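For this chain, numbers begin at 1 and follow the sequence in order. These values consider heavy atoms only, across backbone and side chains, with no hydrogens, waters or symmetry-generated copies. Keep in mind that this is a model prediction, so the values were computed, not measured.
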Amino acid sequence: MTAPPRTPRVRRFGVGLYTGQKAGGADYADAAPLAVAAEEAGFDSFWVTEHHGLPDGYLPSPLVLAAALSSVTSRIALGTGVLLAPLHHPVRLAEDAAVVDRLSGGRLLLGLGIGYAEHEYRAFGVDPATRGARLDALLAALRDAWTGEPFDSPGLGLAGVRITPTPPGHLPIWIGGYAPRAVRRAGLLADGHLVGKGERHIVTAASEQLAQVRDPADPGFTRAVNVTCVLDTDDGGGTAARRAFAGQQRVYERMQAGREVYAGLVPDPEGAGSTGGDGLTAGGIDRHIQASGDPDQVTATLLTLLDDLAAWADVHLVLRFLFPDPDLDAQLRRVRAFGEQVLPALRTHHAPEVHP
């Protein structure tokens, strides 16, 4: 009897999320050494993200930074996790992404999302009620744009537009989001889906929704998951990492206050709902961390996620341990520690075989 064919597997591991936040304003000078350290430590990708109008200088221009990082790295993929697509003019986005992809030798991973912060939509003069429809139209427009041929996109007000240059090859587009409609959009229209918070129940729900519209064995579709990690060793700097992450989480909660996100309704962090010594509405910062402890404990949590995703041909875990820590040397030690103490076991892990 012939055994059923095995599902080919690709397992990759990235470092994120670089935000550039710094008290008094950011200069982003630490991005280059961190990206170089991630590449030297053996990781497959380095991720930046986007928000606007925040006093700590939260990175507003992910593609500009990705272009800069392309000149100091040679192998590692450069990802946007995520770029707030409806805020960008579609022609400019298509051109900038193509330029970054050419500068990097085809290393750009273009993660897109719709965001949630009302002040950002006001700043760009975009009606937030149109954000889902704009993203749907943009996904088709980017593919048409990168053929190098004139194209129309009525939903975006484009007619007879031609984009040059084009990417050097296929430029992957991943979609972030938790709502069923966002997950379905990723499964139907994109090359991958990016989960922003690697809680098992969130990942499982996304798997169930995606499997309705995408074959898990499809090697052209990537399941990507951000997993917030803290390594409780001297070189992992667990105490400093938690302190920096708590400050970052308070920024997110101020933007999310009164909105439904994956964890439910976000209370006002400045109001009576705030609990815990760090001022977070859900209590302590550990509630927002998915993998923590010594190297064996962190590795075990990540391997469990890999097993949960065993049916999917292409999986990309983004280890989120870059927090706005003012001590660059501590951050570099953290990158090396994860590379030496966690990454090797992830590389050699053999998840259970899943047959179609």
Asp235 side chain to Gln341 side chain, donor-acceptor N/O pair below 3.5 angstrom: yes
Main-chain N/O of Lys197 paired with Tyr178 side-chain donor or acceptor, under 3.5 Å: yes
Kindly compute the distance separating CG (Asp144) from CD1 (Ile163), expressed to the nearest 0.5 Å. 10.5 Å
Tabulate below the donor-acceptor pairs under 3.5 Å that side-chain atoms of residues 121-130 make, not counting sequence neighbours, or state none.
| from | atom 1 | to | atom 2 | distance (Å) |
| --- | --- | --- | --- | --- |
| Tyr121 | OH | Ile114 | O | 2.5 |
| Asp127 | OD1 | Ala129 | N | 2.9 |
| Thr130 | OG1 | Asp127 | O | 2.7 |

Counting N and O atoms only, with roles assigned by atom type, does the side chain of His119 sit under 3.5 Å from a partner on the main chain of His52, one being a donor and the other an acceptor? yes
By side-chain hydrogen bond (donor to acceptor under 3.5 Å, both in side chains) - contacts of Asp136 (at least two apart): Arg185
Using the rule that two of Ile, Leu, Val, Met, Phe, Trp, Tyr join whenever any of their side-chain heavy atoms come within less than 4.5 Å, decide whether Leu346 and Val195 are in one cluster. yes
When every non-hydrogen atom of Leu108 is compared with those of Ala97, the smallest separation belongs to CD2-O, 3.5 Å
State, with a plain yes or no, whether a side-chain heavy atom of Arg320 is found less than 4.5 Å away from one of Val227. no
Salt-bridge present (Arg250, Glu253; N to O < 4.0 Å): no
Tell me, please, which residues at least two apart from Tyr18 pass ring pair (Phe, Tyr, Trp, His ring centres under 6.0 Å). none
Once rounded to the nearest 0.5 Å, what's the spacing between atom CD1 of Ile175 and atom CG of Leu139? 4.5 Å
4.5 Å side-chain heavy-atom contact, Leu306 and Phe13: yes
Working to the nearest 0.5 angstrom, can you tell me the gap between Leu135 CG and Leu189 CG? 8.5 Å
Is the closest side-chain donor-acceptor distance between His88 and Asp96 under 3.5 Å? no
May I ask you to test the Tyr116-Tyr252 pair for a side-chain heavy-atom distance under 4.5 Å? yes
For the pair Leu65 and Leu59, evaluate side chain to side chain contact (heavy atoms under 4.5 Å, CB included) and give the outcome as yes or no after the intermediate values. CA-CA 9 Å; Leu65 184 56; Leu59 179 66; 3.7 Å; yes
Are Arg214 and Asp218 ion-paired here, with the side-chain N under 4.0 Å from a carboxylate O? yes
Using the ring centroid of each side chain, check whether His316 and Trp174 are separated by less than 6.0 Å. yes
Minimum heavy-atom separation for Pro172 to Leu109, with atom names? CG-CD2, 3.8 Å
With rounding to the nearest 0.5 angstrom, report the CG to CG distance, Leu110 to Leu78. 12.0 Å
Test item: Arg102 side-chain N/O and Val99 main-chain N/O as donor-acceptor pair under 3.5 Å: no
Considering only NZ, NE, NH1 and NH2 on the basic side and carboxylate oxygens on the acidic side, decide whether Arg347 and Asp44 come within less than 4.0 Å. yes
Value rounded to 0.5 Å, distance of CG in Leu194 from OG1 in Thr222: 10.5 Å
Residues in salt bridge (charged side-chain N to carboxylate O under 4.0 Å, His left out) with Asp191, at least two apart? Arg143
Quick one: closest heavy-atom pair of Phe221 and Ala186, and the distance? CE1-O, 3.3 Å
Using the rule that Ile, Leu, Val, Met, Phe, Trp and Tyr join whenever any side-chain heavy atoms are under 4.5 Å apart, tell me whether Tyr28 and Leu17 fall into a single cluster. no
Rounded distance [0.5 Å steps], CD1 in Ile285 versus CZ in Phe245: 4.5 Å
Hey, is CZ on Arg181 packed in by over 12 heavy atoms from elsewhere, all under 6.0 Å? no
With a 4.5 Å cut-off on side-chain heavy atoms, are Leu332 and Leu34 touching? yes
Please confirm whether the backbone N or O of Ala67 pairs with a side-chain atom of Ser71, one donor and one acceptor, at under 3.5 Å? no
Decide yes or no on side chain to side chain contact (heavy atoms under 4.5 Å, CB included) for Val251 and Asp56, but give the supporting numbers first. CA-CA 9 Å; Val251 172; Asp56 59 8; 3.8 Å; yes
Do the non-hydrogen side-chain atoms of Leu112 and Val82 ever get within less than 4.5 Å of each other? no
Under a 4.0 Å threshold between the charged nitrogen and the carboxylate oxygen, would Arg242 count as salt-bridged to Asp232? yes
Closest non-hydrogen atom pair between Val298 and Leu231, with its separation: CG2-CD1, 3.9 Å
Test of understanding: clusters of I, L, V, M, F, W, Y form through side-chain heavy atoms closer than 4.5 Å, transitively. Do Leu322 and Val318 belong to the same one? no
Can you give me the closest heavy-atom contact between Pro33 and Leu328, atom names plus distance? CG-CD2, 4.0 Å
Listed by chain and number, what are the side-chain contact (heavy atoms from CB on, under 4.5 Å) partners of Thr304, not counting sequence neighbours? Arg200, Asp308
Checking the side chain of Gln297 only, and the main-chain atoms of Ala291 only, is there a donor and an acceptor separated by less than 3.5 Å? no
Using modelled atom types and a 3.5 Å cut-off, is there a donor and acceptor pairing between side-chain atoms of Arg223 and backbone atoms of Trp312? no
Does any part of the side chain of Thr233, heavy atoms only, come nearer than 4.5 Å to the side chain of Pro295, both counted from C-beta? yes
Is there a donor-acceptor contact under 3.5 Å from the side chain of Arg334 to the main chain of Gly236? yes
Answer yes or no: is there a donor N or O on one side and an acceptor on the other, between the side chain of Asp101 and the main chain of Pro167, under 3.5 Å? no
Can you tell me if CG on Asp234 sees more than 12 non-hydrogen neighbours from other groups inside 6.0 Å? no
When you measure from the side chain of Glu39 to the backbone of Ile76, do you find a donor-acceptor pair of N or O atoms at a distance under 3.5 Å? yes
Not counting sequence neighbours, which residues clear side-chain hydrogen bond (donor to acceptor under 3.5 Å, both in side chains) with Ser70? List them please. none
Treating Ile, Leu, Val, Met, Phe, Trp and Tyr as nodes and any side-chain heavy-atom pair under 4.5 angstrom as an edge, say whether Leu138 and Ile173 lie in one connected cluster. yes
Given side chain to side chain contact (heavy atoms under 4.5 Å, CB included), test Leu343 with Phe43 step by step and report yes or no. CA-CA 8 Å; Leu343 185 58; Phe43 287 97; 4.1 Å; yes
Side chains of Glu149 and Thr147 only: does a donor on one sit below 3.5 Å from an acceptor on the other? no
With the side chain counted from C-beta on, respond yes when Val161 and Ser153 share a heavy-atom pair under 4.5 Å apart, and no when they do not. no
Yes or no on side chain to side chain contact (heavy atoms under 4.5 Å, CB included) for Asp152 and Leu158, after CA distance, side-chain angles and deciding distance? CA-CA 5 Å; Asp152 301 334; Leu158 304 178; over 6 Å; no
Is Tyr58 reachable from Leu87 through a run of I, L, V, M, F, W or Y residues, each pair having side-chain heavy atoms under 4.5 Å apart? no
Without swapping roles, check the side chain of Gln290 against the backbone of Thr228 for a donor-acceptor pair under 3.5 Å. yes
State, without any angle test, whether Trp47 and Ser45 hold a side-chain donor-acceptor pair at a distance under 3.5 Å. yes
Nearest heavy-atom neighbours spanning Gly198 and Val225: CA-CG1, 3.5 Å
Salt bridge between Asp314 and Arg9, side-chain N to carboxylate O under 4.0 Å? no
